[in-house]
Amino acid sequence: MTATAAEKRARLVQIVKERSFQEGPEMKLASGKTSTFYFNMKPAMLHPEGASLIAELMLNAIADVEADLVGGLEMGAVPIASAIAAVSHVQGRPVAAFFVRKQAKEHGTQSLVEGLVRGDTMKDKRVVIVEDVTTTGGSALKAAKALEAEGATIVRVLTIVDRLDGAAEAFRDAGLNFVPILTLNDFRS
């Protein structure tokens, strides 16, 4: 019997709670803000079942858009985009992965965007940006700006967990369609 989307989502919440969620003393977040709720998503994203569930739920969240590529800013987007690419192939609706470097390489191809074959560009590509945890949306907005500068169209921004701390508003203001898979409310007791 195949699990429903709601069952997959519930199982992902359980995995994130077990492997990636901490509650306690205040910690500084990547956004610069502080919080008593902290998500270190790597243990959930790199877990076999966690990676599969994230990829399946994110693919469901983009089933209604045409997308050429899925990716985002290193490092958080890399395991997500890789899992989505693999699962999309298995599901017969392939979407390739990429990632945006925080700064262009100083050697070799000096690329800012990795994952494209030689001679290919982001021009006219329909792109889904993914990230692990969203607070203010800064990382995804940085990736969107870099990709749009290279000619891509951002068709959706996805996050595993939205901390409900201003990202949705920032994406709306930037004209970007934002869909969280989970939110902080899924982890509050």
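Val70 has its side chain out of reach of Val127: every pair of non-hydrogen atoms, C-beta onward, lies at least 4.5 Å apart. No side-chain heavy atom of Asp68 sits less than 4.5 Å from a side-chain heavy atom of Val95. Using a 4.5 Å heavy-atom cutoff, the side chains of Val161 and Thr183 are not in contact. For the pair Phe187 and Asn185, the minimum side-chain heavy-atom distance is 4.5 Å or more.
Between the side chains of Glu131 and Thr134, a donor-acceptor pair is found at a separation under 3.5 Å.
Checked by atom type and distance alone, the side chain of Thr36 never pairs as donor or acceptor with a backbone atom of Pro25 at under 3.5 Å. Side chain of Arg9 to backbone of Thr4: no donor-acceptor contact under 3.5 angstrom is found. No donor-acceptor pair under 3.5 Å is formed between the side chain of Arg126 and the backbone N or O of Thr153.
To the nearest 0.5 Å, atoms CD (Gln14) and CZ (Arg19) are separated by 12.0 Å. Rounding to the nearest 0.5 Å places OG of Ser20 at 10.0 Å from NE2 of His47. Between the CD atom of Glu169 and the CG atom of Asp165 there is a distance of 9.0 Å, given to the nearest 0.5 Å. Taken from CD1 in Ile181 to CG in Leu53, the straight-line distance is 11.0 Å, to the nearest 0.5 Å. Note that CE of Met27 and OH of Tyr38 are 7.5 Å apart. Values are rounded to the nearest 0.5 Å. The structure places CZ of Arg93 at 8.0 Å from OG of Ser88, a figure rounded to the nearest 0.5 Å.
Residues Ala61 and Leu158 share a closest heavy-atom pair of CB-CD2, 3.8 Å. Nearest heavy atom pair, residue Ala81 against residue Gly71, reads CB-CA, 3.8 Å. A pairwise comparison of heavy atoms in Ala144 and Ile154 identifies CB-CG1, 4.1 Å as the closest pair. Nearest heavy-atom pair, Phe98 versus Val128, reported as atom, atom and distance to 0.1 Å: CE2-O, 4.3 Å. Annotation for Ala44 and Val16: closest pair CB-CG2, 4.1 Å, computed over non-hydrogen atoms. Of all the heavy atoms in Met58 and Thr159, the pair that sits closest is CE-C, 3.6 Å.
By the rule that hydrophobic residues join a cluster once side-chain heavy atoms approach within less than 4.5 Å of another member, Ile84 and Val90 end up as members of separate clusters. Cluster membership for Leu59 and Val65, using ILVMFWY side-chain heavy atoms within less than 4.5 angstrom, is shared. Ile54 and Leu46 end up in different hydrophobic clusters when Ile, Leu, Val, Met, Phe, Trp and Tyr side chains are linked at under 4.5 Å.
Look at Glu150 and Lys123 and you find no salt bridge, because none of the NZ, NE, NH1 or NH2 atoms lies under 4.0 Å from a carboxylate O. Salt bridge status for Asp120 with Lys125: present, with a side-chain N to carboxylate O gap under 4.0 Å.
Grouping Ile, Leu, Val, Met, Phe, Trp and Tyr residues whose side-chain heavy atoms lie under 4.5 Å apart, directly or via other members, places Phe99 in a hydrophobic cluster with Met75, Val78. Here Val117 sits alone; no ILVMFWY side chain lies under 4.5 Å from its own, so it joins no hydrophobic cluster.
Under the side-chain hydrogen bond (donor to acceptor under 3.5 Å, both in side chains) criterion, Ser52 pairs with Glu56, not counting sequence neighbours. In terms of the salt bridge (Lys or Arg N to Asp or Glu O under 4.0 Å) criterion, Asp162 has no residue partners (sequence neighbours excluded). Arg156 pairs by the side-chain hydrogen bond (donor to acceptor under 3.5 Å, both in side chains) definition with Asp64, Asn177, not counting sequence neighbours. Gln22 pairs by the side-chain hydrogen bond (donor to acceptor under 3.5 Å, both in side chains) definition with nothing, not counting sequence neighbours.
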Side chain to side chain contact (heavy atoms under 4.5 Å, CB included) between Leu69 and Met122: does it pass, once the steps are laid out? CA-CA 9 Å; Leu69 297 164; Met122 294 303 288; 3.7 Å; yes
Is there a side chain to side chain contact (heavy atoms under 4.5 Å, CB included) between Leu176 and Glu148? Walk through the geometry before answering. CA-CA 12 Å; Leu176 298 173; Glu148 287 171 338; 4.2 Å; yes
Going through the distances and angles, do Ser35 and Arg163 end up as a side chain to side chain contact (heavy atoms under 4.5 Å, CB included)? CA-CA 10 Å; Ser35 176; Arg163 292 181 50 85; 2.5 Å; yes
Stepwise, does the side chain to side chain contact (heavy atoms under 4.5 Å, CB included) test hold for Ile160 with Ile80? CA-CA 9 Å; Ile160 301 170; Ile80 301 167; 3.7 Å; yes
Going through the distances and angles, do Asp186 and Lys17 end up as a salt bridge (Lys or Arg N to Asp or Glu O under 4.0 Å)? CA-CA 9 Å; Asp186 292 305; Lys17 281 181 177 178; over 6 Å; no
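Taking the six-membered ring where the residue is Trp, Phe21 and Phe39 present tilted rings, their angle falling between 30° and 60°.
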